[in-house]
A.B. asks: 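Would you mind keeping the following structure in view while I ask a few things?
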Amino acid sequence: MLIFFICIALLVLAYKFYSPFVERQAGIDPNAKTPQARFEDGVDYVKVHPAKAYLIQFLNVAGVGPIFGPILGALYGPIALVWIVLGNIIGGAVHDYFSGVLSIKEDGKSLPEIAGHYFNVYFKGVMLVFTAMLLFFVGVVFIMSPAGLLSNLTYFEDTIFANNTFWVLAILAYYFFATLLPIDKIITKLYPLFGLLMIVMTVSIAVALLISAPQLPEVGDVFAYFDHSHYNNDLLEPNPDGLPVWPLLFVTITCGAISGFHSTQAPIMARCLTNEKYVRPVYYGAMMSEGIVACVWALAGIAAFPGGYAELKSILDAGGPGLVVNQVATTYLGAAGGIMAIVAVAIFPVTSGDTAFRSLRLTITDAFKIPQSMRNRLLLAMPILVVAYFMTKIDFSLIWRYFAFSNMLLSTSVLWLATKYLFDRGSFHWIVSLPAIIGTSVTVSYIMTAGIGLGLPQSFSQPVGIAVGVICLIALVLVHNKRNATTQS
């Protein structure tokens with residue numbers, strides 16, 4: 001509980017004191033005409049109030065990521081909370097902020113187009129492949145997870161609503177319309193309300209846990225956290241599978257700490273903001289809020305079950321993180337609160353999934369200069385959603401692993417892109433280059449170890465990943481010193 005409160009305080013303090021420093025490096029110009037003002041088209045470039053933009057961005061990037069990921073990461077113990085907060089402050093919030101900055105500075109364009117501007121056509125091609133891949137995986141994950149959660153609700157037993165395929169088709173039908181329609185028809189009208197619902201649900205779960213969770217001391221008795229004599233020590237032993245924290249924890253908990261998916265969502269609101277000064281509250285603020293959501297659900301995994309980590313693991317083995325959400329919500333909020341929380345957790349991934357497919361459409365149209373007519377939008381959306389339906393037949397855990405890897409890889413690429421942007425400006429690039437080096441190290445370690453990668457032993461892949469990070473740091477220092485020497489001369 002003490003760690004939890006410290007984590008929440010650090011996130012709020014980082015927004016108050018660190019984010020203005022980050023903003024000063026970015027070259028924000030409140031007097032510049034935004035893409036919305038220059039390219040108003042009634043479809044994607046539409047004026048949106050900054051408060052609405054924040055709630056939409058928050059909902060777009062949240063989904064089930066800051067819920068499912070922290071629940072899975074909770075098996076590692078309180079270190080999950082530490083990673084969420086450090087990852088968010090050092091990497092995730094800065095990553096999201098510069099995703100918004102780069103997009104609003106570049107006419108609301110998608111990542112591959114921005115990469116082509118700052119690097120070359122080859123890097124643009126690589127970014128296009130990985131951006132499209134991640135968006136597609138996100139869309140599929142955010143079909144499968146809410147469909148599975150809704151079809152397993154006890155309230156729907158022995159009805160058509162207990163059929164997983166029914167919910168898959170229903171969600172796909174919604175995606176079809178949400179992807180095609182102008183942004184002010186559904187997204188700007190409903191998503192701010194859903195964003196508020198997520199805030200209410202998160203606060204409700206947090207308060208209920210802090211009052212009643214069995215693995216937390218009584219309120220006011222925070223020092224009891226360090227006295228485990230009255231608990232079963234076997235139950236309090238985290239990481240029952242003995243999995244290595246590096247790199248698996250960093251890939252398991254991405255949303256809430258740092259997520260490449262967030263950068264793919266940046267152009268949606270970058271095309272709607274009326275002033276560059278709103279980038280910080282919308283993008284940095286949304287990521288800080290997501291970090292708080294992630295902390296709450298990590299706390300739920302750590303503290304909500306009388307059987308401790310052993311019980312958490314058995315529930316995950318039986319029904320995945322969706323079953324954990326179901327049990328936490330119904331146990332701590334009662335029947336009415338449980339329904340509210342479960343429905344909310346079902347809605348959130350849907351609202352991220354449709355914007356994932358919308359972003360995929362924007363990425364493709366930007367890359368190939370396709371006019372935004374209704375016919376062209378239809379021709380793009382149909383095959384994407386048809387393929388997505390067949391992808392839902394694949395094992396969820398496999399899709400999640402590919403999503404997790406591409407998520408980390410893309411976030412690292414965006415941090416390097418932001419490094420180039422700040423480097424060219426002569427700004428303090430270390431705020432993005434250091435997390436880019438850490439992300440590179442984690443990504444290399446993971447792909448060398450993972451079954452979807454090279455499958456090498458941890459004893460080999462971990463040192464190699466760290467060595468790659470050290471090499472990147474040395475190379476960056478040399479380039480930095482060379483630039484300074486050139487500038488001074």
Side-chain angles (χ1 to χ4, degrees), residues 33-48 56-57 60 99-100 102-140 142-143 172-188 191 260-273 351-391 406 410 413-414 417:
K33 292 189 71 174
T34 63
Q36 179 276 322
R38 289 182 283 120
F39 305 111
E40 174 79 42
D41 63 0
V43 178
D44 296 310
Y45 293 89
V46 176
K47 184 185 298 185
V48 174
I56 293 169
Q57 176 69 11
N60 285 354
S99 297
L102 288 168
S103 188
I104 203 169
K105 293 285 190 183
E106 295 289 325
D107 300 336
K109 290 179 181 176
S110 303
L111 276 176
E113 299 303 302
I114 299 171
H117 173 80
Y118 284 97
F119 284 98
N120 52 50
V121 69
Y122 303 107
F123 192 67
K124 172 185 173 179
V126 172
M127 288 287 282
L128 177 61
V129 170
F130 281 107
T131 299
M133 182 176 71
L134 176 60
L135 285 169
F136 191 77
F137 284 138
V138 168
V140 173
F142 289 169
I143 295 170
L172 277 169
Y174 169 75
Y175 282 177
F176 176 74
F177 291 106
T179 302
L180 294 178
L181 292 174
I183 195 169
D184 60 348
K185 299 303 180 185
I186 295 178
I187 292 176
T188 61
Y191 285 23
F261 168 64
H262 297 185
S263 62
T264 67
Q265 301 300 287
I268 294 179
M269 284 299 100
R271 300 181 184 209
C272 299
L273 294 181
T351 56
S352 289
D354 71 355
T355 52
F357 285 122
R358 188 182 191 92
S359 295
L360 181 55
R361 170 177 66 79
L362 294 176
T363 299
I364 294 172
T365 54
D366 284 352
F368 298 100
K369 306 296 187 293
I370 301 173
Q372 290 280 48
S373 66
M374 175 59 78
R375 176 178 176 275
N376 288 338
R377 300 204 301 273
L378 184 64
L379 290 175
L380 282 173
M382 280 298 294
I384 289 172
L385 295 176
V386 168
V387 175
Y389 169 75
F390 287 105
M391 288 288 287
S406 55
L410 187 60
S413 301
V414 172
L417 183 58

A.B. asks: Nearest 0.5 Å please: distance from the CG atom of L360 over to the OG1 atom of T131.
C.D. replies: 9.5 Å

A.B. asks: Just so I know, are the side chains of V46 and T188 near enough to count as touching, which here means a heavy-atom distance under 4.5 Å?
C.D. replies: no

A.B. asks: Roughly how far, to the nearest 0.5 Å, is CD1 of I384 from OG1 of T179?
C.D. replies: 8.0 Å

A.B. asks: So L379 and I370, do their side chains get closer than 4.5 Å, heavy atoms only?
C.D. replies: no

A.B. asks: If you measure from CG on L380 to CZ on F368, what distance do you get to the nearest 0.5 Å?
C.D. replies: 10.0 Å

A.B. asks: Against D366, only a single residue in P112, S110, P267 fulfils side chain to side chain contact (heavy atoms under 4.5 Å, CB included); can you say which?
C.D. replies: S110

A.B. asks: Can I143 and F357 be said to form a side chain to side chain contact (heavy atoms under 4.5 Å, CB included), step by step?
C.D. replies: CA-CA 11 Å; I143 295 170; F357 285 122; 4.2 Å; yes

A.B. asks: Once side chain to side chain donor-acceptor pair (under 3.5 Å) is applied, do any residues pair with S413, and if so which ones, sequence neighbours excluded?
C.D. replies: none

A.B. asks: So do Y122 and V126 actually touch side chain to side chain, heavy atoms under 4.5 Å?
C.D. replies: no

A.B. asks: Would you give the length of the straight line joining atom CD1 of I268 to atom CD of Q57, rounded to the nearest 0.5 angstrom?
C.D. replies: 8.0 Å

A.B. asks: Assess whether side chain to side chain contact (heavy atoms under 4.5 Å, CB included) is satisfied between I183 and C272, documenting all intermediate values.
C.D. replies: CA-CA 9 Å; I183 195 169; C272 299; 4.0 Å; yes

A.B. asks: What are the two closest non-hydrogen atoms of Y175 and G353, and how far apart are they?
C.D. replies: OH-CA, 3.2 Å

A.B. asks: Looking at M391 and F136, what are the two nearest heavy atoms and their distance?
C.D. replies: CG-CE2, 3.5 Å

A.B. asks: Counting only heavy atoms not in F39, do more than 12 fall under 6.0 Å of its CZ?
C.D. replies: yes

A.B. asks: Going by the rule side chain to side chain contact (heavy atoms under 4.5 Å, CB included), which residues pair with Y389 if we only count those two or more places apart in sequence or in a different chain?
C.D. replies: T165, V168, L169, L172, T392, K393

A.B. asks: Go through the structure and list residues passing salt bridge (Lys or Arg N to Asp or Glu O under 4.0 Å) with K109, not counting sequence neighbours.
C.D. replies: none

A.B. asks: Grab the two heavy atoms, one from S352 and one from N60, that are nearest each other, plus how far apart they are.
C.D. replies: OG-O, 2.6 Å

A.B. asks: Grab the two heavy atoms, one from P383 and one from L378, that are nearest each other, plus how far apart they are.
C.D. replies: CD-O, 4.5 Å

A.B. asks: Applying salt bridge (Lys or Arg N to Asp or Glu O under 4.0 Å), which residue pairs with at least one partner in residues 119-140 are found, sequence neighbours left out?
C.D. replies: E113-K124

A.B. asks: Is V140 close to F137 at the side-chain level, that is, under 4.5 Å between some pair of heavy atoms?
C.D. replies: no

A.B. asks: Answer yes or no: is there a donor N or O on one side and an acceptor on the other, between the side chain of T264 and the main chain of L135, under 3.5 Å?
C.D. replies: no

A.B. asks: Check side chain to side chain contact (heavy atoms under 4.5 Å, CB included) between E106 and all other residues, then give those that pass, not counting sequence neighbours.
C.D. replies: I114, H117, Y118

A.B. asks: What pairs with D44 under salt bridge (Lys or Arg N to Asp or Glu O under 4.0 Å), at least two apart in sequence or on another chain?
C.D. replies: R358, R361

A.B. asks: Which distance, rounded to the nearest 0.5 Å, do you find between the CG of L180 and the CG of N376?
C.D. replies: 11.5 Å

A.B. asks: Can you tell me how far OG of S103 sits from CZ of R271, rounded to the nearest 0.5 angstrom?
C.D. replies: 7.0 Å

A.B. asks: Show the nearest heavy-atom pair for residues S99 and A266, with the distance to one decimal.
C.D. replies: O-CB, 3.6 Å

A.B. asks: Is a side-chain N or O of S406 found less than 3.5 angstrom from the main chain of L134, in a donor-acceptor match?
C.D. replies: no

A.B. asks: Could you go step by step and tell me if F261 and L410 meet the side chain to side chain contact (heavy atoms under 4.5 Å, CB included) rule?
C.D. replies: CA-CA 8 Å; F261 168 64; L410 187 60; over 6 Å; no

A.B. asks: With no hydrogens and no angle check, is any side-chain donor or acceptor of T365 less than 3.5 Å from a backbone partner on L362?
C.D. replies: yes

A.B. asks: Judged by atom type as modelled, is there a donor-acceptor pair below 3.5 Å linking the side chain of T355 to the main-chain atoms of T351?
C.D. replies: yes

A.B. asks: Of all the heavy-atom pairs spanning M269 and I56, show the shortest one and how long it is.
C.D. replies: CE-CG2, 3.8 Å

